[in-house]
Undergrad: 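The structure is given below, and queries will be raised subsequently.
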Amino acid sequence: MKRTHYSSEIKPEMNGQAVIVSGWVHEIRDFGGLSFLILRDREGLVQVTMPKKKVPKEIVDVARSLSRESVISVGGAVKAEGKAPHGYELIPTAIEVLALADAPLPLDPTGKVPAELDTRLDARFMDLRSPQTTAVFVIRARAMKAMRDFLSANGCLEIATPKIVATATEGGTALFPISYFEREAFLNQSPQLYKQMMMAAGMDRVYEIGPIFRAEEHATRKHLNEATSIDVELSFVSMEDVMILLENAIAYVYRHVKENCARELAELGLDLQVPKTPFRRIPYAEAIAIAKADPECAHLEYGDDLDTVAEHAIGKAIGEHYFIMDWPTELRAFYSQAYDDHPEICKAFDLMHPRMELSSGAQREHRYAQLVKNLEARDLSPDSFQFYLNAFRYGMPPHAGWGLGAERLIQTMLDLNNVREAVLFPRDRVRLTP
RNA sequence: GCUCGGAUAGUGUAGAGGCCUAUCAUGGGGCCCUGUCGAGGCUCCGACUCGGGUUCAAAUCCCGAUCCGAGCGCCA
C-alpha cells in the first residue's frame with residue numbers, strides 16, 4: 001500500500017474517493033459495535049470509522065489488535081460525514097500493520113498528560129510526534145527557508161566556512177578542543193573571521209546559516225553549547241545599512257510564518273504579531289539611563305556591560321524589539337570599528353527582544369593598521385591571526401555584518417519557555433544524548 | 001560555578017512522623033457499549049532516586065551523593 005494523501009489533503013468533497021493514508025495510531029475509541037481509529041501523520045489527524053456492520057470483521061479485528069503509536073497504512077473510501085471531525089471520515093477496506101509499538105510509551109504524544117522537558121528530550125523522537133512539538137519544527141523549517149529567501153533576494157551568497165579551526169586565541173568564549181590527527185584543533189565559535197575574509201575575496205554579500213560551538217558552562221533557558229547562527233556580512237555598507245537589513249529580515253520571517261503557518265500557530269495557541277519596523281535605536285548611553293531608572297539597576301555605571309537584570313529592565317521599558325548601538329569600544333570585539341572622532345565608542349549594535357539578546361553586529365574595522373592596533377589593545381597576538389589579517393593587507397573593502405541566533409529567534413517568536421524547545425537534539429552542559 | 005527549590009507507577013501528580021498494604025489522572029490487561037472527538041461504565045496492574053542517620057515507628061525529619069528545575073554568573 002502506497003500513501004496517496006496526507007491527512008490534511010483529504011476534504012469532504014472527495015466523498016466516495018479511495019485514498020491511502022499512512023501514519024501512527026493516535027487513539028482508538030472502541031464502542032463495541034462501532035469503533036474509531038484516529039491516525040496521525042505529519043500534517044494532522046484523520047478519523048477512520050469502523051461500523052461493525054459495514055466493515056469486514058478481519059479489518060475490525062486488526063484495528064482492535066493495534067497498540068497506540070503503531071505504524072499503519074489504511075486504505076479506504078472517503079465519506080463526507082457531518083458528525084466527523086473536519087466533516088469527513090475514512091471507511092477502511094484494508095489496514096496494513098507496518099510496525100507495532102511497545103507499551104508503555106515513554107510519554108503521551110496526544111498531550112493529555114504533560115511531560116517535563118527533560119523527559120521529552122530523553123524521548124525526543126516520540127515527543128516530536130505531538131502536534132505541538134511538530135508545529136515548532138515545521139515553523140522553524142519555514143522560518144529558515146524564509147530567511148534564506150530574504151537574504152538571497154538581497155543579493156547575499158550562501159557560503160560554508162570551516163567548523164574545525166586552529167586558533168584558540170580569539171579571546172572571550174571558551175572553545176571545545178578536539179583531536180585533529182597529530183594536532184589540537186577547536187570547534188569554531190563563530191564564522192566571523194571567515195565571513196570577513198569573504199569580503200576581501202570580493203564576494204560582496206554573504207550569509208551562512210550553520211552551527212557554532214561554545215564551551216561555556218552556562219545553565220540557563222537561553223543558552224546552548226551548540227547553536228545555529230545566521231551570519232551576514234556586506235561590503236561597501238555602513239552599520240545603519242546592516243541594521244536595516246536585520247530588522248527587515250526579522251519582520252520578513254515573522255510575516256512569512258504568520259502567512260504560511262496558520263495551522264501550526266493555531267496548534268501553539270499563538271496570535272503572532274509582526275514586529276513594526278524600524279526598530280528603536282537606543283545609544284548605549286541612553287540604554288544605561290533607561291536601566292538605571294529601575295531600582296535594581298541603580299548601581300550600573302557608564303562603561304558597564306549590561307547584565308541580565310539590566311537587559312530585563314530595558315526590555316520591560318521598551319516592550320518590543322530594539323537596537324542598542326554605539327557601545328563603549330572596550331566592551332566590544334577587536335574587529336568592531338570605533339568612531340574616528342570618538343574612539344571611545346564604536347559602531348557596534350545588539351538587536352534585543354524584550355526577553356533577551358538576539359543578534360549582535362558592527363561596522364568592521366577594515367583598515368589593516370588600525371585592526372592590528374585593536375588586537376594589541378586587547379593583548380591579543382597579531383601573529384595568531386595572521387591567516388585573518390593577511391586578508392586586510394591587499395584591498396579589504398569597508399564592510400559590516402551581524403550574527404543572529406536562530407534558536408533564540410524561534411524561541412522569542414513562538415514564546416517558548418526554554419531555548420532547548422527550538423532544537424531537535426539540544427546540547428547543553430550535561431546533555432550529550434540523544 | 002553560586003544561591004534557592006525539588007526527586008513518589010511508563011507519564012503527570014497528592015502526601016507535612018503512625019490514617020500508606022501510598023491519592024488522583026493518564027496508561028496497560030479484561031469485560032460492557034453504534035457517533036466518539038479529553039468517549040463512558042465496571043474491574044485488575046503498576047511507584048516512594050541512592051546510601052547513611054534519628055525514632056518504638058520515616059515517602060515524610062537530619063547528613064551525604066546523584067539527577068532535575070528556577071534565578072544569577074560566565075557568554076570577544
Side-chain angles (χ1 to χ4, degrees), chain A residues 26-38 40 45-55 60 64 67-69 79 81-89 101-123 126-127 130 167-175 188-190 192-193 212-225 227 296 305-312 327 329-336 346 348 350 356-357 360 362 364 374-375 377-380 384-385 403 405 408 417-420 428-431:
Chain A
H26 192 64
E27 281 183 84
I28 296 173
R29 300 194 192 99
D30 187 356
F31 284 71
L34 170 72
S35 48
F36 300 100
L37 184 158
I38 314 299
R40 184 192 68 246
L45 304 172
V46 55
Q47 173 167 293
V48 179
T49 304
M50 291 164 285
K52 200 176 181 179
K53 291 179 180 166
K54 293 182 184 167
V55 173
V60 176
R64 283 188 175 158
S67 51
R68 293 166 77 230
E69 296 304 312
K79 182 187 174 202
E81 170 56 68
K83 285 180 282 189
H86 311 301
Y88 70 87
E89 59 194 14
D102 280 348
L105 303 170
L107 50 75
D108 171 19
T110 68
K112 272 184 286 202
V113 180
E116 291 189 355
L117 183 57
D118 202 50
T119 304
R120 293 170 50 198
L121 293 175
D122 281 341
M126 184 155 295
D127 176 46
S130 86
T167 39
T169 48
E170 290 176 39
T173 197
L175 301 181
N188 208 179
Q189 63 177 260
S190 155
Q192 180 65 29
L193 306 185
I212 57 172
F213 305 91
R214 303 200 168 177
E216 297 296 336
E217 298 192 350
H218 27 226
T220 74
R221 294 186 292 165
K222 61 181 184 182
H223 287 284
L224 294 163
N225 292 291
E296 284 196 79
D305 207 347
L306 296 173
D307 59 23
T308 309
V309 180
E311 265 184 23
H312 291 164
W327 286 71
T329 305
E330 60 177 28
L331 289 182
R332 304 297 291 208
F334 70 87
Y335 45 75
S336 302
C346 66
D350 283 351
M356 69 187 82
E357 176 187 332
S360 59
R364 318 301 188 186
N374 288 0
L375 282 167
R378 288 167 177 76
D379 288 327
L380 294 169
S384 311
F385 291 89
R408 288 187 178 186
N417 180 55
N418 193 309
V419 72
R420 291 164 180 80
D428 60 34
R429 177 71 185 82
V430 291
R431 182 175 288 280

Undergrad: Among the nucleotides B/G27, B/U26, B/A76, which one has an atom lying closest to any side-chain atom of A/S190?
TA: B/A76
Undergrad: On RNA chain B, check which nucleotide each of A/R221 and A/D305 is closest to and give me the residue with the more 5' one.
TA: A/R221
Undergrad: Whole angstrom is fine here: how far is it from CG in A/L224 over to P in B/C74?
TA: 19 Å
Undergrad: Run A/K79 and A/E81 through salt bridge (charged side-chain N to carboxylate O under 4.0 Å, His left out) and show every step you take.
TA: CA-CA 6 Å; A/K79 182 187 174 202; A/E81 170 56 68; 3.5 Å; yes
Undergrad: Quick one: does any side-chain atom of A/R408 pair with a main-chain N or O of A/V419 as donor and acceptor, under 3.5 Å?
TA: no
Undergrad: Where the side chain of A/H218 is concerned, which of B/C74, B/C72, B/U26 is the nearest nucleotide?
TA: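 Comparing B/C74, B/C72, B/U26 against the side chain of A/H218, the answer is B/C74.
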Undergrad: Identify the two heavy atoms, one from A/D108 and one from A/V113, that lie closest to each other, and give their separation to 0.1 Å.
TA: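 Result for this residue pair: OD2-N, 3.2 Å.
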Undergrad: What's the shortest heavy-atom distance between A/R429 and A/N225, and which atoms?
TA: N-ND2, 3.0 Å
Undergrad: What's the CD-P distance between A/E69 and B/G28, to the nearest Å?
TA: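 Atom CD in A/E69 sits about 10 Å away from atom P in B/G28.
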Undergrad: For A/K222 and B/A70, what is the distance between atoms NZ and P respectively, to the nearest whole Å?
TA: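 For the pair A/K222 NZ and B/A70 P, the rounded distance is 13 Å.
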Undergrad: What's the closest nucleotide to the A/D108 side chain, out of B/A70, B/G1, B/U26?
TA: B/U26
Undergrad: Considering every strand shown, what is the Watson-Crick or G-U wobble mate of B/G71 when both distances are under 3.5 Å?
TA: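 Its partner is B/C2.
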Undergrad: Look through every strand shown and name the nucleotide pairing with B/G17 as Watson-Crick or G-U wobble, where both distances are under 3.5 Å.
TA: none
Undergrad: Where the side chain of A/Y335 is defined as all heavy atoms beyond and including C-beta, which of B/A70, B/A76, B/G12 is the nearest nucleotide?
TA: B/A76
Undergrad: Say you pick atom P in B/U26 and the same atom in B/G5; how far apart are they, in whole Å?
TA: 34 Å
Undergrad: Can you give one letter per nucleotide of nucleotides 31-44 of chain B, going 5' to 3': B for a protein heavy atom under 4.0 Å from the base, S for sugar-phosphate only, - for none?
TA: --BBBBBSB-----
Undergrad: Does B/C48 have a Watson-Crick or wobble partner in any strand here, with both distances under 3.5 angstrom, and which is it?
TA: none
Undergrad: Taking only the C1' atom of each, what is the distance from B/G12 to B/G46 in whole angstrom?
TA: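 To the nearest whole Å, 15 Å.
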Undergrad: Classify the side chain of A/Q189 versus the base of B/A76 as yes if they form a donor-acceptor pair under 3.5 Å and no if they do not.
TA: yes
Undergrad: Between atom CG in A/N417 and atom C1' in B/G71, what is the gap in whole Å?
TA: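 Rounding to the nearest Å, CG of A/N417 and C1' of B/G71 are 13 Å apart.
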Undergrad: Please report the distance separating the P of B/A16 from the corresponding atom of B/A7, rounded so that it comes out in whole Å.
TA: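 That atom pair is separated by 13 Å.
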Undergrad: Assess whether side-chain contact (heavy atoms from CB on, under 4.5 Å) is satisfied between A/D350 and A/R332, documenting all intermediate values.
TA: CA-CA 11 Å; A/D350 283 351; A/R332 304 297 291 208; 3.0 Å; yes
Undergrad: Report the distance from atom CG of A/L105 to atom P of B/G12, rounded to the nearest whole Å.
TA: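 Those two atoms, CG and P, are 13 Å apart.
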Undergrad: Have a look at A/R332 and say if it touches a base, only the backbone sugar-phosphate, or nothing, with a 4.0 Å heavy-atom cut-off.
TA: sugar-phosphate
Undergrad: Pair A/K222, A/T308 - check side-chain contact (heavy atoms from CB on, under 4.5 Å), show working.
TA: CA-CA 11 Å; A/K222 61 181 184 182; A/T308 309; 4.2 Å; yes
Undergrad: Rounding to the closest angstrom, what is the interatomic distance between B/C56 and B/C68 at atom P?
TA: 38 Å
Undergrad: Given side-chain contact (heavy atoms from CB on, under 4.5 Å), test A/M50 with A/L37 step by step and report yes or no.
TA: CA-CA 8 Å; A/M50 291 164 285; A/L37 184 158; 3.9 Å; yes
Undergrad: For B/A59, give its Watson-Crick or G-U wobble partner with both distances under 3.5 Å, or none.
TA: none
Undergrad: If you assign A/L107 and A/R68 each to the RNA chain B nucleotide with the nearest heavy atom, which residue ends up on the more 5' nucleotide?
TA: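 Per heavy-atom nearest nucleotide, the more 5' residue is A/L107.
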Undergrad: How many angstroms lie between CZ in A/R68 and NE2 in A/H26, if you round to the nearest 0.5 Å?
TA: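 Result: 8.0 Å between the selected atoms.
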Undergrad: Measuring only between side-chain heavy atoms, which start at C-beta, is A/R431 closer than 4.5 Å to A/D118?
TA: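 With C-beta onward as the side chain, the pair touches.
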Undergrad: Mind calculating the distance between CZ (A/F385) and P (B/A76) to the nearest angstrom?
TA: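 Whole-Å distance recorded here is 13 Å.
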Undergrad: If you count the non-hydrogen atoms of other residues, nucleotides and ligands that lie under 6.0 Å from CG in A/N417, is the total more than 12?
TA: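 Count over threshold, so yes.
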Undergrad: Please give the distance between the C1' atoms of B/C48 and B/C74 as a whole number of Å.
TA: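 Straight-line distance between the two C1' atoms is 38 Å.
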Undergrad: For B/A22, what is the paired nucleotide under Watson-Crick or G-U wobble rules, both distances under 3.5 Å?
TA: none
Undergrad: Could you measure between the two C1' atoms, the one in B/G17 and the one in B/A59, and give it in whole Å?
TA: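 After rounding to an integer number of Å, I get 11 Å for this pair.
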Undergrad: Over all strands shown, is A/S336 touching base, sugar-phosphate only, or nothing at heavy-atom distances under 4.0 angstrom?
TA: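 Since no nucleic acid heavy atom lies under 4.0 Å of A/S336, the category is nothing.
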Undergrad: Expressed as a whole number of Å, how far does the C1' atom of B/C61 sit from that of B/G15?
TA: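 Taking atom C1' in both B/C61 and B/G15, they lie 15 Å apart.
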Undergrad: Quick one: look up who B/A9 pairs with, Watson-Crick or G-U, both distances under 3.5 Å, and put none if it's unpaired.
TA: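 Paired with no nucleotide.
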Undergrad: If I pick the C1' atom on B/A9 and the same atom on B/G1, what distance separates them, to the nearest angstrom?
TA: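 Here B/G1 and B/A9 have their C1' atoms 36 Å from each other.
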Undergrad: Using Watson-Crick or G-U wobble geometry with both distances below 3.5 Å, tell me the partner of B/A39, or none.
TA: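 Across all strands, not a single nucleotide pairs with B/A39.
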Undergrad: Could you state the CG-P distance from A/L121 to B/C67, rounded to the nearest angstrom?
TA: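 Rounded to the whole Å, the gap is 17 Å.
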Undergrad: Looking at B/U11, B/C75, B/G1, which one has an atom nearest to any side-chain atom of A/A115?
TA: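 Nearest nucleotide to the side chain: B/U11.
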Undergrad: Nearest whole Å is fine: how far is B/C67 P from A/L117 CG?
TA: 18 Å
Undergrad: So what does A/H312 touch, heavy atoms closer than 4.0 Å: a base, only the sugar-phosphate, or nothing?
TA: sugar-phosphate
Undergrad: I want to check one thing: is the phosphate of B/C72, taken as OP1 and OP2, less than 4.0 Å away from some side-chain N or O of A/T220?
TA: no
Undergrad: Where the side chain of A/T308 is defined as all heavy atoms beyond and including C-beta, which of B/C72, B/C75, B/G28 is the nearest nucleotide?
TA: B/C72
